[in-house]
Amino acid sequence: MIQFREEIVHRLAQIPGLSEKLVRPLLEKPADPSYGEYALPCFRLAREWRRRPNEIAEDLARQLGSFGSIASVESVGPYLNFKIDPLALTRSVLGEIGEKGPDYGSDKLGEGKTIVIDYSSPNIAKPFHMGHLRSTILGSSLKQIFSTLGYRVASINFLGDWGTQFGLLALAYQKWGDNQELEARPIRYLYELYVKINQAAQEEPAIQEAARENFRQMEEGAREPLDLWNRFRTLSIQEYERVYSRLGVHFDVYSGESFYREKVQGVLEELKAKGLLQLSQGASIVDLLPWGLNVALLAKSDGTTLYLTRDLAATHERYAEYRFHRLIYVVGSDQRLHFTQLFKTLELMGRPWADRCVHVDFGRILGMSTRKGQAVFLDDVLDEGKRRALEKMQANPEKFAEVADPDLTADICGMSAIVFSDLSRRRVKDYEFDWEQVLAFEGDTGLYLQNAHARVAGIMRKSGVALPSSIDYGLLLGEGETLDLVRHLSAFPEVVHRAAEEYEPAFICTYLIGLARLLHQAYKALWVQGRPPPLAEARLKLLWSVKQVLANGMRLLGMTPLERM
RNA sequence: GCGCCUGUAGCUCAGCCCGGAUAGAGCAACGGACUUCUAAUCCGUGGGUCGCAGGUUCGAAUCCUGCCAGGCGCGCCA
């Protein structure tokens with residue numbers, strides 16, 4: 001596809017007064033494809049040449065005529081529209097998808113570069129709720145996207161396994177702890193204790209004090225609270241891993257704040273040596289007020305450290321280990337200040353790679369709080385999605401009979417719906433969690449994509465037509481639907497690039513919905529079964545290409561494409 | 001109070017980075033389409049002062065300023 005664009009740029013540059021450098025950024029895709037594949041708006045030229053844009057467009061159209069693969073150049077008002085020869089376009093796009101298959105959309109852009117992504121990162125004292133799900137899904141998708149662009153990607157789950165809340169939790173367990181409950185359902189049980197102790201602490205400030213003392217002892221290495229802490233941690237991780245595997249999410253490294261509890265001293269000493277650390281009201285701070293970033297608190301007045309201190313230690317280790325070209329934190333936007341402070345402090349410490357760190361933030365999921373006990377647990381959501389999917393599948397008994405593994409298929413359907421609903425809106429937006437909306441199975445949803453994919457799979461199974469090695473692409477041009485699909489297919493690689501640049505899997509969602517819609521619209525017109533072989537084969541090739549790109553895109557989102565549903 | 005983010009159809013959103021050709025989808029409503037490869041689909045109808053007010057520009061949903069509304073953050077939580 002890029003070759004057509006370059007062909008136009010090259011040809012335009014031959015016109016006196018134009019150059020490749022001038023023209024390349026001006027060339028755009030028209031809003032309406034009926035104008036052509038590319039368009040040159042002449043406003044900028046009009047200003048420079050002090051002529052009317054409409055005249056310029058007309059003049060250029062006359063001078064250029066058709067050339068190479070460009071079938072026509074027409075002026076429409078101030079626009080110069082280029083139409084690529086439909087046959088050349090179709091052959092090029094479908095040929096490329098045919099050759100690359102699962103690698104269509106891939107690139108070598110990132111070869112030799114490493115990206116470290118930190119995502120999911122639940123806090124052990126708190127439940128794995130929808131907020132963590134958003135980080136998990138986003139991070140996992142970004143991992144796929146960067147991998148497909150050739151980067152070496154290391155995924156890290158940085159557990160919130162250290163901090164005052166463990167003092168609080170240990171206290172709760174000492175008060176009300178039940179070993180059987182803890183073993184049977186660690187995450188939910190710890191959450192219940194956490195909620196209960198927080199309520200108690202609100203009425204009794206002494207509890208807060210005792211918790212702080214507990215944690216202080218832990219930082220000093222006291223055996224008893226540490227043993228308890230270790231049990232909480234181990235049991236929780238086991239349960240997380242179960243949930244991750246259900247979602248198809250994988251981490252290269254499980255780490256956590258506790259790993260750095262001894263290394264923070266080194267950080268504090270370095271800060272002190274560099275004259276960055278100040279004492280204020282008994283606490284150690286770095287003054288970031290000159291940059292409008294408030295002050296960063298690195299050690300409390302009782303000497304215990306904070307999240308920020310441990311993050312400083314962790315980034316240092318990560319750079320030493322990976323020499324990353326980028327370090328990405330997928331964490332909610334409520335922690336924006338934290339990361340801005342972290343990055344600025346790294347810069348002040350003289351880390352030359354400080355500007356390689358990125359906070360990929362995302363909006364809040366409203367209506368949920370760990371303190372008030374309104375959390376929706378991930379397992380419940382996945383189960384509910386599965387239940388609804390199964391119901392829907394059973395509504396069509398004939399199709400249901402064809403599905404080999406209804407249980408697994410329903411689970412995948414439910415997760416597709418959830419993953420897609422989360423990724424389909426842009427990161428920054430807050431959203432109100434709404435079961436009906438998340439688990440909707442109609443319209444712009446993950447199931448719409450799955451349905452499109454499964455429909456083509458059905459055609460490939462049932463039409464009785466096989467893909468031959470040579471195709472007469474000309475036979476496809478009788479239907480207008482073909483070019484709409486081909487044009488859309490051609491845009492996939494650039495969509496993947498854009499999604500990576502902006503850390504926005506949502507771009508891929510929008511793209512795939514558009515592709516699936518074009519497919520559904522063309523379904524009748526591109527009928528395969530019973531058509532003369534050359535036509536049937538050409539159509540099947542087109543449909544196969546759509547299926548391939550749908551699958552490639554869905555995988556980037558973390559969805560498993562289904563052959564039957 | 002200060003800082004950041006968001007505000008587009010009844011609802012959920014895309015379009016904003018990089019200003020241009022009639023502002024697009026889905027849901028909901030209403031009316032159609034299954035003797036054929038998945039109707040979890042398709043076709044049609046109605047529905048918008050792009051939060052408000054200025055400014056820049058030949059041209060603003062898009063850029064700038066101010067205001068309003070909502071969310072988040074602002075030294076001993078993570």
Side-chain angles (χ1 to χ4, degrees), chain A residues 25-26 28 30-32 35 39 41 43 46-47 52-53 76-79 81 121 123 125-126 160 162-165 168 212 257 280-285 292-302 304 306-308 310-311 331-338 340 361 363-364 366 370 389 392-393 395-396 398-399 402 413 417 421 424-426 428-432 434 436-437 440-445 447-448 450-452 454-465 498 501-502 506-507 509-510 513-514 516-517 519-524 526-530 536 540 543 564-565:
Chain A
L26 290 179
E28 61 181 36
D32 186 335
Y35 287 119
F43 305 100
R47 181 173 301 185
R52 301 160 65 93
V76 179
Y79 289 89
N81 295 328
S121 305
N123 298 315
K126 304 175 185 178
W162 203 241
T164 317
Q165 80 263 26
L168 207 53
R212 264 198 280 276
E257 293 179 46
S280 167
Q281 299 162 31
S284 304
I285 60 156
L293 299 175
N294 255 300
V295 296
L297 190 64
L298 292 178
K300 295 183 254 181
S301 43
D302 66 2
T304 57
L306 291 109
Y307 181 34
L308 183 61
R310 297 189 282 273
D311 258 352
V331 182
S333 48
D334 53 346
Q335 290 187 40
R336 226 176 164 141
L337 181 62
H338 167 78
T340 322
D361 62 343
R364 268 172 78 78
L366 305 171
T370 43
K392 193 86 181 180
M393 286 162 68
N396 190 334
E398 292 151 46
K399 298 291 171 283
E402 289 182 30
C413 281
S421 120
S424 61
R425 53 197 104 208
R426 297 194 58 160
V428 288
K429 305 256 183 182
D430 291 350
Y431 81 91
E432 191 88 36
D434 174 7
E436 290 302 323
Q437 213 178 296
F441 285 172
E442 262 137 32
D444 287 357
T445 67
L447 278 301
Y448 184 82
Q450 289 287 18
N451 183 232
R455 268 184 124 174
V456 179
I459 295 171
M460 303 199 59
R461 278 196 311 275
K462 296 179 178 174
S463 64
V465 179
R498 237 167 63 78
E501 274 163 30
E502 309 268 327
F507 294 163
C509 293
T510 306
I513 285 292
R517 179 160 302 121
L519 174 81
H520 282 133
Q521 286 168 349
Y523 186 73
K524 288 265 160 65
L526 297 175
W527 200 265
V528 173
Q529 197 174 56
L540 195 67
L543 295 175
R564 293 181 172 90
M565 63 187 284

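To find a chain, count down the sequence lines: A is the first, B the second, and so on, and within it residues start at 1.
For Lys429(A), counting side-chain heavy atoms from C-beta on, the closest listed nucleotide (G75(B), A78(B), U6(B)) is U6(B). Counting only heavy atoms from C-beta on, Asn123(A) has its side chain closest to A78(B) among A78(B), C42(B), U36(B). For Arg364(A), the side-chain atoms get nearest to C72(B) when compared with the rest of C13(B), C72(B), C76(B). For Thr510(A), the listed nucleotide lying nearest its side chain is A14(B); candidates were C13(B), A14(B), A21(B).
G24(B) and C13(B) make up a base pair, with Watson-Crick or G-U wobble contacts both under 3.5 Å. The pairing partner recorded for G44(B) is C30(B), the criterion being a Watson-Crick or G-U wobble arrangement whose two distances lie under 3.5 angstrom. Pairing for A61(B) is absent, with no Watson-Crick or G-U wobble pair whose two atom distances lie under 3.5 Å. Here G19(B) sits opposite no nucleotide as a Watson-Crick or G-U wobble pair (both hydrogen-bonding atom distances under 3.5 Å). Across all strands shown, C2(B) pairs with G73(B); the Watson-Crick or G-U wobble distances both stay below 3.5 Å. Base pairing of C52(B) is made with G66(B), judged by Watson-Crick or G-U wobble geometry with both donor-acceptor distances under 3.5 Å. Base pairing analysis places U38(B) opposite nothing; no Watson-Crick or G-U wobble pair with both distances below 3.5 Å involves it.
Base orientation of G59(B): anti, the glycosidic angle falling outside 90° of 0.
Here Tyr35(A) lies parallel enough and close enough to stack on the base of A21(B), with planes under 30° and ring centres under 5.5 Å apart. Here Phe43(A) does not count as stacked on G59(B), because the ring centres are not under 5.5 angstrom apart with planes under 30°.
Rounded to whole Å, the C1' atom of G7(B) lies 11 Å from the corresponding atom of C52(B). A gap of 14 Å separates the P atoms of C50(B) and G24(B), to the nearest Å. Spacing between G15(B) and A25(B) at atom P, rounded to whole Å, works out to 15 Å. The gap from the C1' atom of A28(B) to that of G10(B) amounts to 8 Å, rounded to the nearest Å. Spacing between U6(B) and U62(B) at atom P, rounded to whole Å, works out to 14 Å. C18(B) and C63(B) are spaced 9 Å apart, taking the P atom of each and rounding to whole Å. Taking atom C1' in both C67(B) and G31(B), one finds a spacing of 45 Å when rounded to whole Å. Distance noted for atom P between G3(B) and U12(B): 29 Å (whole Å).
Residue Gln335(A) places no side-chain N or O under 4.0 Å from the OP1 or OP2 atom of G73(B). Between Arg426(A) and the phosphate of G15(B), there is a side-chain N or O to OP1/OP2 separation shorter than 4.0 Å. The phosphate of C77(B) (OP1 or OP2) has a side-chain N or O of Lys300(A) nearer than 4.0 angstrom. Dashed line: the shortest gap from a side-chain N or O of Tyr523(A) to OP1 or OP2 of C34(B) is not under 4.0 Å. At the phosphate of C77(B), OP1 or OP2 sits under 4.0 Å from a side-chain N or O atom of Thr164(A). At U41(B), none of the side-chain N or O atoms of Lys524(A) fall inside 4.0 Å of OP1 or OP2 (strictly under the cut-off).
Using a 4.0 Å heavy-atom distance criterion, Arg564(A) is classed as a base contact. Residue contacts for Glu502(A): at a heavy-atom cut-off of 4.0 Å it reaches a base atom on one of the strands shown. Contacts of Leu337(A) with the nucleic acid, taken as non-hydrogen atoms under 4.0 Å apart, involve only primed sugar atoms and P, OP1 or OP2. Across all strands shown, Arg52(A) has no heavy atoms under 4.0 Å from either base or sugar-phosphate atoms. Heavy atoms of Leu306(A) sit under 4.0 angstrom from primed sugar atoms or phosphate atoms, though from no base atom. Looking at heavy-atom distances under 4.0 Å, Arg47(A) makes contact with a base. Heavy atoms of Thr445(A) sit nowhere under 4.0 angstrom from any nucleic acid atom. Using a 4.0 Å heavy-atom distance criterion, Met460(A) is classed as making no nucleic acid contact.
Relative to the ring axis of Tyr431(A), Arg364(A) does not place its NZ or CZ within 45° and under 6.0 Å from the centre.
Between the side chain of Ser301(A) and the base of C76(B), a donor-acceptor pair under 3.5 Å is found. For a distance-only test at 3.5 Å, the side chain of Asp334(A) fails to qualify as a donor-acceptor partner of the base of A78(B).
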message: Please determine whether side-chain contact (heavy atoms from CB on, under 4.5 Å) holds for the pair Leu447(A) and Met565(A), giving the CA-CA distance in whole Å, both sets of side-chain angles, and the decisive distance to 0.1 Å.
response: CA-CA 9 Å; Leu447(A) 278 301; Met565(A) 63 187 284; 3.6 Å; yes
